[in-house]
2 protein chains.
Amino acid sequence: MRIGELARQSGVSVRALRYYEEQGLLESTRTAGGQREFENSAVDRVRFFQTLYAAGLSSRRIAELLPCIDTGGTTKEQQAMLQSEREALAHRIAELHEASARLDVLITASNARSLEAV
Amino acid sequence: MRIGELARQSGVSVRALRYYEEQGLLESTRTAGGQREFENSAVDRVRFFQTLYAAGLSSRRIAELLPCIDTGGTTKEQQAMLQSEREALAHRIAELHEASARLDVLITASNARSLEAV
DNA sequence: CTAGGACCTGACGCTAACGTCAGGTGCAAA
DNA sequence: TTTGCACCTGACGTTAGCGTCAGGTCCTAG
């Protein structure tokens, strides 16, 4: 499929797709006229990137993890990278929980005052 | 305390502290010579900011939430803001879990292959 | 064959959260 | 009083992840 179709199906902009390719995250063949041609599997791949981006990974980091993603992470180094990334994610999740808890304190404190007023 | 001391105690750079003040997140008095003077409570405040930053909030967003933080969020709008922010956090946490799960699949798949080799 | 929408390659623009000078002042110790 | 480190105010630099022209080509329907 061409880039516009991939953009529609994966829900990102054409510009973003070209950027991903530039960063080495996506591959494509070219038509005789020089237009990009993507595999159908690129749709899932791009969606996966979105998930990783949402989780706070950078393009560079995703590119580093790509061999693990494509080959399944066979070497020890790749295993270690996946592990450390998962730990980093766990750390980030904990931070979010912390922030959420802090907000909860504010919310419930305010509710308490509202109740006092009654 | 002065800005360098605050930086040390809160673990952020002097530049960052000036930036926070510029964004309306921090207040300070000035000495006769024009140097910033901070309350001791600023240390916790800055650490709280770090927590919120880590959770993905922007300076602007934190500034919007400040009235809730300082007064405890009394008005309905403030309550609504805190609630919606907490929901946004929950959403982000879910995204992180999703990403973590995707990584797990890769890791365990690889382990499975390692076992096959045995 | 032609219109015109999709695509191409630069290349500059943008925002956030600071980093990093530069050039000058405050302040506390000796 | 003289160091000399801490602090001050600009103001430009940096990075990521695209957005957005500009100017030109491809492709396909009619």
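So that the names make sense, note that chain A is the first sequence line, chain B the second, and so on, each numbered from 1.
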Original post:
Between B:Q9 and B:E5, do the side chains contain an N or O donor and an N or O acceptor separated by less than 3.5 Å?
Top reply: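 A donor-acceptor contact under 3.5 Å links the two side chains.
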
Original post:
Any side-chain donor-acceptor pair under 3.5 Å between A:R2 and A:Q35?
Top reply: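 Side-chain D/A pair, A:R2 to A:Q35: present.
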
**OP:** Taking atom CZ of A:R47 as the centre, report whether more than 12 heavy atoms of other residues, nucleotides or ligands fall under 6.0 Å from it.
**Re:**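 More than 12 heavy atoms, drawn from other residues, nucleotides or ligands, come within 6.0 Å of this atom.
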
Original post:
Is it the case that more than 12 heavy atoms not belonging to A:E98 sit under 6.0 Å from its CD atom?
Top reply: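 Yes - once you tally the heavy atoms of other residues, nucleotides and ligands closer than 6.0 Å, there are more than 12.
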
**OP:** Please assess A:Y19 against A:S59 for the test side-chain contact (heavy atoms from CB on, under 4.5 Å), listing each intermediate value before the final yes or no.
**Re:** CA-CA 10 Å; A:Y19 177 74; A:S59 292; 3.7 Å; yes

Nucleotide [N], atom [atom2] - distance to [atom1] of [X] in whole Å:
{"X": "B:L17", "N": "D:dA6", "atom1": "CG", "atom2": "P", "value": "15 Å"}
{"X": "A:E37", "N": "C:dA6", "atom1": "CD", "atom2": "C1'", "value": "13 Å"}
{"X": "A:M1", "N": "C:dC7", "atom1": "CE", "atom2": "P", "value": "12 Å"}
{"X": "A:I3", "N": "C:dT9", "atom1": "CD1", "atom2": "P", "value": "9 Å"}
{"X": "B:Y53", "N": "C:dT15", "atom1": "OH", "atom2": "C1'", "value": "14 Å"}
{"X": "B:Q35", "N": "D:dA6", "atom1": "CD", "atom2": "P", "value": "11 Å"}
{"X": "A:L25", "N": "D:dC18", "atom1": "CG", "atom2": "C1'", "value": "13 Å"}
{"X": "A:E21", "N": "D:dG17", "atom1": "CD", "atom2": "P", "value": "17 Å"}

Subject >> Nearest-neighbour nucleotide for the B:R2 side chain, C:dC7, C:dC27, C:dA17 considered >> reply: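 Selected nucleotide: C:dC27.
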
**OP:** Go through C:dG26, D:dC18, C:dC18 for me and flag the one nearest to the B:A16 side chain.
**Re:**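 Nearest listed nucleotide: C:dC18.
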
Could you tell me whether the phosphate oxygens of [N], OP1 or OP2, come under 4.0 Å of any side-chain nitrogen or oxygen in [X]?
{"X": "A:T31", "N": "D:dC26", "value": "no"}
{"X": "B:S59", "N": "C:dA16", "value": "no"}
{"X": "A:R30", "N": "C:dT9", "value": "yes"}
{"X": "A:R36", "N": "D:dC26", "value": "no"}
{"X": "B:Y19", "N": "C:dA16", "value": "no"}
{"X": "A:S13", "N": "D:dG19", "value": "yes"}

Protein-nucleic acid N or O pairs under 3.5 Å, nucleotides 20-24 of chain D:
residue : atom : partner : partner atom : Å
D:dT20  : O4   : A:R15   : NE           : 3.1

Is [X] touching bases, backbone alone, or none of the nucleic acid, heavy atoms closer than 4.0 Å?
{"X": "B:R18", "value": "base"}
{"X": "B:Y20", "value": "sugar-phosphate"}
{"X": "B:R61", "value": "nothing"}

Original post:
With ring centroids as reference points, do A:F48 and A:Y53 lie under 6.0 angstrom apart?
Top reply: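 No; A:Y53 has its ring centre 6.0 Å or more from that of A:F48.
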
**OP:** In sequence, state the C-alpha distance, the side-chain angles, and the governing distance for B:E37 and B:S28, and then conclude on side-chain contact (heavy atoms from CB on, under 4.5 Å).
**Re:** CA-CA 5 Å; B:E37 194 68 20; B:S28 67; 5.8 Å; no

Subject >> Whichever of A:Q23 and A:A32 has its nearest DNA chain D nucleotide further upstream toward 5' >> reply: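 The residue whose closest nucleotide sits nearer the 5' end is A:Q23.
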
Original post:
Between B:S58 and A:V14, which has a closest nucleotide on DNA chain C that is more 5'?
Top reply: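 Per heavy-atom nearest nucleotide, the more 5' residue is A:V14.
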
**OP:** Could you give me the CA-CA distance, side-chain angles and deciding distance for B:E85 and B:R92, then say whether salt bridge (charged side-chain N to carboxylate O under 4.0 Å, His left out) is met?
**Re:** CA-CA 10 Å; B:E85 198 54 52; B:R92 258 169 265 165; 3.4 Å; yes

